[in-house]
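Worth knowing before you read on, the calculation uses all heavy atoms, side chains too, and leaves out hydrogens, waters and symmetry mates. Since the structure is predicted, the reported quantities are computational estimates derived from the model, not experimental observations.
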Amino acid sequence: MTLISSKTLKKWLPPILVSNLKNIARSNIRLCGRYSNWQEALARCEGYDSDEILERTLTATQKVKKGQAVYQRDGELFEQIIYSWPVTSALMFAAAQNKGNLNVVDFGGSFASSYFQNKKFLDSLQSVQWRVVEQKSVVAAGSKNFAGQEISFHSDLYQCLQDNLPNVVLLSSVLQYLEKPVRFLAQLSKYKVPLIILDRTPFLKKPKLSYVKIQKVPKRIYRASYPCWLFSKDELISSLYENGYALLEQFDSLDDLSPEATWQGLIFRYPPHESLSE
């Protein structure tokens with residue numbers, strides 16, 4: 001098991017791009033306060049489900065789909081695709097274990113931004129089914145603008161898992177925005193999805209209990225504030241181990257939003273030492 005360091009990331013990307021990514025993260029987002037529970041922080045927040053955020057992300061994704069932009073993340077457009085190479089590798093690994101067929105449930109996946117990010121690689125596969133689970137407003141807009149043969153949008157995660165068990169569940173920058181993330185992972189792990197990918201997830205640098213901060217987005221982007229967990233890694237992922245998952249790999253994510261934590265990705269496999277094919 002190896003940890004991909006920030007030094008390695010700098011070898012993958014031009015120095016100016018690494019610098020710009022970190023500057024974007026630091027200048028756009030602030031994490032404030034420290035709260036022992038979700039509700040205490042939530043009472044001090046403005047929210048994140050506004051029409052402004054929805055429209056901004058929708059417009060950015062439409063530009064990517066039409067070829068007017070190369071890549072978007074969180075409603076921000078970029079001049080080149082910024083890959084999470086470990087996530088791309090994990091997706092291709094899952095497909096390789098299933099004769100070139102990839103079935104992803106992308107929980108909190110916005111308008112399938114990770115699908116469009118990796119599309120040039122996904123196009124080489126035998127088949128792709130990419131199911132995004134999101135809020136009802138996103139599902140409605142996504143179904144209207146982006147749904148097709150490979151992409152679909154859903155509002156009920158557990159119904160997706162029961163109807164057609166995927167070979168991958170992708171959780172990218174989402175667990176920290178759930179009120180009860182530990183309980184969520186415990187429920188998810190009972191379905192025995194072969195591969196669970198966590199990306200862009202904040203873990204505290206010093207071993208301590210998880211706590212909540214308030215994440216604030218500057219007005220020049222869109223007005224929003226919402227609770228955000230900083231996790232004790234052991235506390236968050238204990239249920240995955242308890243339900244038979246093994247940590248296949250871990251890596252640094254590009255996010256860098258707080259000196260208290262590092263944003264990482266974790267790839268879990270079930271069963272630990274067997275083929276992912278059914």
query = Is the side chain of N118 donor-acceptor paired with the backbone N or O of F121 at a distance under 3.5 Å, no angle test?
reply = no
| Side-chain touch F153/I151, heavy atoms, less than 4.5 angstrom | yes
- Message: Looking at N98 and G100, would you say the former's side chain and the latter's main chain have a donor-acceptor pair under 3.5 Å?
- Response: no
For L198 and F251, the nearest pair of non-hydrogen atoms, with its separation, is O-CZ, 4.2 Å
Scanning both residues in full, the closest heavy-atom pair of L161 with P166 reads CD2-CD, 3.6 Å
Does K216 use its side chain to pair, donor to acceptor, with the backbone of I29 at less than 3.5 Å?
-> no
Heavy atoms of Y191 and Q162 approach each other most closely as OH-NE2, 3.4 Å
Is there a side-chain contact between Q176 and W263 (heavy atoms, below 4.5 Å)? yes
Does V168 form a side chain to side chain contact (heavy atoms under 4.5 Å, CB included) with V105? I'd like the steps, not just the answer. CA-CA 6 Å; V168 178; V105 166; over 6 Å; no
Under a 3.5 Å distance rule, please check whether N164 uses its side chain to pair with a backbone N or O of C160 as donor and acceptor.
no
Distance col, row L42:CG vs I214:CD1, nearest 0.5 angstrom, shows 9.0 Å
Rounding to 0.5 Å, atoms CG (L185) and CD1 (I196) come to a distance of 7.0 Å
Taken to the nearest 0.5 Å, the spacing of I197 CD1 from E249 CD works out to 12.0 Å
Q. Quick one: does C228's side chain get under 4.5 Å of V212's, heavy atoms only?
A. no
Does Q250 use its side chain to pair, donor to acceptor, with the backbone of Q264 at less than 3.5 Å? no
Rounding to 0.5 Å, atoms OG (S238) and NZ (K233) come to a distance of 13.5 Å
Closest non-hydrogen atoms of N103 and R131, given as atom of the first, atom of the second and distance, are OD1-NH2, 3.1 Å
Taking every heavy atom of L209 against every heavy atom of L204, the minimum-distance pair comes out as O-CD1, 3.5 Å
*Do any N or O atoms from the side chain of Q117 and from the backbone of I82 form a donor-acceptor pair under 3.5 angstrom?*
yes
Exercise for review: Check the pair V174 / L171 against side chain to side chain contact (heavy atoms under 4.5 Å, CB included), numbers first and verdict last.
Suggested key: CA-CA 6 Å; V174 64; L171 305 168; 3.7 Å; yes
Give the C-alpha distance, both sets of side-chain angles, the deciding distance and a yes or no for side chain to side chain contact (heavy atoms under 4.5 Å, CB included) between L102 and V104.
CA-CA 6 Å; L102 182 65; V104 177; 3.6 Å; yes
| said: Closer than 3.5 angstrom, by distance alone: can the side chain of S253 be matched with the main-chain N or O of R200 as a donor-acceptor pair? | reply: yes
**Prompt:** Given the rule in the ring pair (Phe, Tyr, Trp, His ring centres under 6.0 Å) test, do Y177 and Y226 qualify, once you have shown the distances and angles that lead to the verdict?
**Reply:** CA-CA 8 Å; Y177 305 118; Y226 34 85; 5.5 Å; yes
Audit row: F116, F111, ring pair (Phe, Tyr, Trp, His ring centres under 6.0 Å) steps and yes/no: CA-CA 9 Å; F116 290 110; F111 294 116; 9.7 Å; no
>> Quick check against the 3.5 Å criterion: does K192 have a side-chain atom that pairs as donor or acceptor with the backbone of P271?
In response: no
### Message
Heavy-atom count check: over 12 atoms from other residues, nucleotides or ligands less than 6.0 Å from Q149 CD?
### Response
no
Before you tell me yes or no, could you show the steps for D106 and W130 under side-chain hydrogen bond (donor to acceptor under 3.5 Å, both in side chains), namely the whole-Å CA-CA distance, both residues' side-chain angles and the distance that decides it to 0.1 Å?
CA-CA 7 Å; D106 186 359; W130 197 283; 3.1 Å; yes
For a side chain to side chain contact (heavy atoms under 4.5 Å, CB included) check, start with the C-alpha distance between F146 and L58, then their side-chain angles and the critical distance, and finish with the verdict.
CA-CA 10 Å; F146 305 110; L58 175 61; 3.5 Å; yes
Inset, instruction - Assess whether side-chain hydrogen bond (donor to acceptor under 3.5 Å, both in side chains) is satisfied between Q39 and E179, documenting all intermediate values. - result: CA-CA 8 Å; Q39 292 300 325; E179 181 178 359; 2.9 Å; yes
Sidechain-backbone polar pair: S189 side chain, A186 backbone, donor-acceptor under 3.5 Å: yes
In this structure, NZ of K120 is separated from CG of L122 (nearest 0.5 Å) by 11.5 Å
When rounded to the nearest 0.5 Å, the distance separating CG of D255 from OG1 of T201 is 9.0 Å
| field | Any side-chain heavy-atom pair of L230 and K213 under 4.5 Å | value | yes
Heavy-atom donor-acceptor pair, N167 side chain to N101 backbone, under 3.5 Å
yes
Does the side chain of L247 come within less than 4.5 Å of Y241's, by heavy atoms?
yes
Review point. Any side-chain heavy atom of L195 sitting closer than 4.5 Å to one from Y270?
Key: no
Can you confirm whether S258 sits close enough to P202 that some side-chain heavy atom of one is under 4.5 Å from a side-chain heavy atom of the other? no
### Message
Show, in sequence, the C-alpha distance, side-chain angles and deciding distance for E150 and Y115, and conclude whether the side-chain hydrogen bond (donor to acceptor under 3.5 Å, both in side chains) test is met.
### Response
CA-CA 10 Å; E150 295 186 340; Y115 168 88; 2.4 Å; yes
Residues L31 and L257: closest non-hydrogen pair is CD1-O, 4.0 Å
query = Any side-chain heavy atom of F231 sitting closer than 4.5 Å to one from L175?
reply = yes
message: Can you tell me if K190 has over 12 outside heavy atoms packed within less than 6.0 Å of its NZ?
response: no
| Aromatic rings Y245 and F268: how do their planes relate, parallel, tilted or perpendicular, breaks at 30° and 60°? | perpendicular
